[in-house]
Amino acid sequence: QVQLVESGGGLVQAGGSLRLSCAASGSIFSFALMCWYRQAPGKQRELVAGISSGGTTNYGDSVKGRFTISRDNAKNTVYLQMNSLKPEDTAVYYCNVLLPSLRNYWGQGTQVTVSS
């Protein structure tokens, strides 16, 4: 069983930065895929960034060059550094872990609000 807790969200002006953290408790495999998703009001949940156990990363087109995902396997923690934030980045951000069994585990989410 995996439990995920996100932190680091808040209110920031356009152009500012935030760093999100997601800490996992319980069993988690080192080869699991760890990702950040976000969901804005009236929109579908979308993939923001993902990172493999080996450190390979991928990003959604809208955040490339601005966001950086990283992980610390020893701490079972994944991070999302968000720079040059835009109002359209406003959403609830969720941490997700995908296990080899294809089962997903979701965090509670953390609110990010970017004002203009």
Side-chain angles (χ1 to χ4, degrees):
Q1 182 65 39
V2 176
Q3 293 182 316
L4 306 173
V5 180
E6 301 99 336
S7 62
L11 175 65
V12 65
Q13 292 189 53
S17 298
L18 286 173
R19 190 190 192 206
L20 306 183
S21 298
C22 173
S25 61
S27 297
I28 186 169
F29 296 108
S30 63
F31 47 84
L33 179 67
M34 305 184 74
C35 301
W36 286 97
Y37 289 77
R38 68 185 182 187
Q39 188 167 24
K43 294 186 177 181
Q44 297 270 33
R45 187 171 297 184
E46 65 174 335
L47 176 67
V48 176
I51 184 167
S52 73
S53 60
T56 300
T57 60
N58 68 287
Y59 298 91
D61 289 340
S62 63
V63 306
K64 287 180 180 177
R66 300 188 297 121
F67 291 9
T68 302
I69 188 171
S70 61
R71 67 190 289 165
D72 185 336
N73 288 332
K75 297 182 182 294
N76 280 344
T77 301
V78 61
Y79 306 93
L80 185 68
Q81 178 66 47
M82 305 185 294
N83 298 325
S84 302
L85 284 162
K86 305 174 181 179
E88 51 262 44
D89 294 318
T90 295
V92 177
Y93 285 70
Y94 298 91
C95 181
N96 173 265
V97 174
L98 177 63
L99 300 179
S101 65
L102 301 184
R103 183 168 184 172
N104 283 317
Y105 292 89
W106 294 94
Q108 289 291 116
T110 185
Q111 176 71 46
V112 172
T113 302
V114 184
S115 64
S116 58

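Reckoned from all heavy atoms, side chains included, excluding hydrogens, waters and symmetry mates.
- Scanning all heavy atoms of the two residues, the minimum distance from Ala32 to Leu99 falls at CB-CD2, 4.0 Å.
- In terms of modelled atom types and a separation under 3.5 Å, the side chain of Thr90 and the main chain of Val114 share a donor-acceptor contact.
- Taken from OG in Ser53 to CG in Leu33, the straight-line distance is 8.5 Å, to the nearest 0.5 Å.
- Screening residues 66-116 for disulfide (SG to SG under 2.5 Å), with sequence neighbours left out, gives Cys22-Cys95.
- For the pair Arg71 (side chain) and Ser52 (backbone), a donor-acceptor distance under 3.5 Å is present.
- Contact detail for Pro87 and Ser116: the closest heavy-atom pair is CG-CB, 4.0 Å.
- The minimum heavy-atom distance between Leu80 and Ala49, with the atom names listed, is CD1-CB, 4.2 Å.
- Under the 4.5 Å side-chain heavy-atom criterion for grouping Ile, Leu, Val, Met, Phe, Trp and Tyr, Trp36 is connected to Val2 within one hydrophobic cluster.
- With Asn96 contributing its side chain and Tyr105 its backbone, the two residues share a donor-acceptor pair below 3.5 Å.
- Taken to the nearest 0.5 Å, the CZ atom of Arg38 stands 10.0 Å off from the CG atom of Leu47.
- Taking the salt bridge (charged side-chain N to carboxylate O under 4.0 Å, His left out) definition, one finds that Glu88 meets it with nothing, sequence neighbours left out.
- No side-chain heavy atom of Met82 sits less than 4.5 Å from a side-chain heavy atom of Asp89.
- Partners of Tyr37 by ring pair (Phe, Tyr, Trp, His ring centres under 6.0 Å), not counting sequence neighbours, listed by chain and number: Trp106.
- Lys64 pairs by the salt bridge (charged side-chain N to carboxylate O under 4.0 Å, His left out) definition with Asp61, not counting sequence neighbours.
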Sequence neighbours excluded and cut-off under 3.5 Å, please list the side-chain donor-acceptor pairs for residues 9-21, or say none.
from: Ser17; atom 1: OG; to: Asn83; atom 2: OD1; distance (Å): 2.9

Glu6 vs Gln108, side chain to side chain contact (heavy atoms under 4.5 Å, CB included): CA-CA, chis, key distance, verdict: CA-CA 7 Å; Glu6 301 99 336; Gln108 289 291 116; 4.2 Å; yes
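- Residue pairs satisfying the ring-ring contact (aromatic ring centres under 6.0 Å, His included) criterion with at least one member in residues 64-100, sequence neighbours excluded, are absent.
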